[in-house]
Amino acid sequence: MTLIPFAWARRCAGLLRPLRCLVNHGWLRESDVDAVLALLHPTLRLNRVFARVTQRQWVADDMLELTLRTNGNWPGAQPGQHVQLFLERAGVRLSRSYSLTAVRPHGELQLAIKHQVGGRVSPYLLQRLAVGDVLELGQAYGDLSWPDAPQGVLLLAAGSGITPLLGMLRSALAQGFSGPITLLHYVRDHGQQAFVGELQALQMQYSNLQVRWSLTAAGAGAGELAGRFSVEHLAAVTALAQRRVLACGPAGFVGQVRQWWQAAELPGALQVEAFTPPVLSAGFSSRQVNLSFARSHQQVFADNQRSLLEQAEEQGLKPAHGCRQGICASCTCTLLSGTVRDLRSGALFSEPGQAIRLCISAPHGDVEIDL
Ligand code: FES
């Protein structure tokens, strides 16, 4: 039930300043104020960002694009960033990060959700979330940005790695970027060619855009490449000289792109983002360690192979987290003693008081963290 229209709720953000002041001085509790505001409209809150679903559109067999309108507390975002989405299921608060595929004025944004088999969030979002439903959003995060490169841009995507790149591509084309752009998207089969209709239309509309697909399963058609990322593919689709490169996809794909880019010694910076949890850096044999959670007064046996986040959750703790990939920093925690290893690079950190990201750090020996 809503007592005021959504448009009024959006405009209320500025009018709530006196209430924020009272909360900041401790005269009101934010949760109490929010409970009353939510009666007026389900998106209305003092500070938290809530958004209403205005459109659902399937963009691949297993990927849905949602269009959302946020309340007046949305601070904005850049194309290519990600946002954390919160929902409550059976009394449990869950969160997942999704890439923004469009950022528009007046709090309108789009994000893409890929079905994760066995997941707790994506099946609900894909099958049950309806137009008009309300979700809570976190702050946008992520460092990918469209390069200032009139000489040209090469976009390399694998699977759902297309989503942040599409957000930037849409924005760059709309703003008149005129340098050559090549997008090469690796998908398993035709059913996973997300946004294929839109990308083909953009290719017709913008003569500087070339889009190619490579199918990693059998069945590549005319004009399509076959197989996983390879240097031969790059040679087939574009002249690489001077191109600025952005890559997004699973960690293995991003690692291959990085290796190729280093060997090719291309100019400029490579921008990459991996979508899956980091793969354990090789060369560390498995062993048991002591793991202490200082604030929770727990000491447990742990292993040196898995992330601190995973092992804390296994003990029933609920550390704040978002991306689980070392990007958003929401799982940052203080190392009190011992040594942790960065799962991506293998680098060791042992300075007491150092901030570490639980999702990409594994204990290297006995470790105490401020959790
Ligand atoms: S959860 Fe995002 S950096 Fe750890």
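Both ligands and their constituent atoms are indexed starting at 1 by order of listing. Keep in mind that the numbers below use all heavy atoms, side chains included, and drop hydrogens, waters and symmetry copies. From a predicted model like this one, the values you see are computed outputs, not experimental measurements.
For the pair D133 and R52, the salt-bridge criterion is not met [side-chain N within less than 4.0 Å of a carboxylate O]. Under a 4.0 Å N-O distance rule, the pair E30/R20 does not qualify as a salt bridge. Using a 4.0 Å cut-off between charged nitrogen and carboxylate oxygen, R170 and E65 count as a salt-bridge pair. Looking at E313 and K318, no side-chain N of the basic residue comes within less than 4.0 Å of a carboxylate O on the acidic one, giving no salt bridge.
Within a 6.0 Å radius of CD in Q139, other residues, nucleotides and ligands contribute 12 heavy atoms or fewer.
Rounded to the nearest 0.5 Å, atoms CG (L173) and CG (N208) are 6.0 Å apart.
Protein N/O/S atoms found under 2.8 Å from atom 2 (Fe) of ligand 1, listed by chain and residue number: C323 SG, C328 SG.
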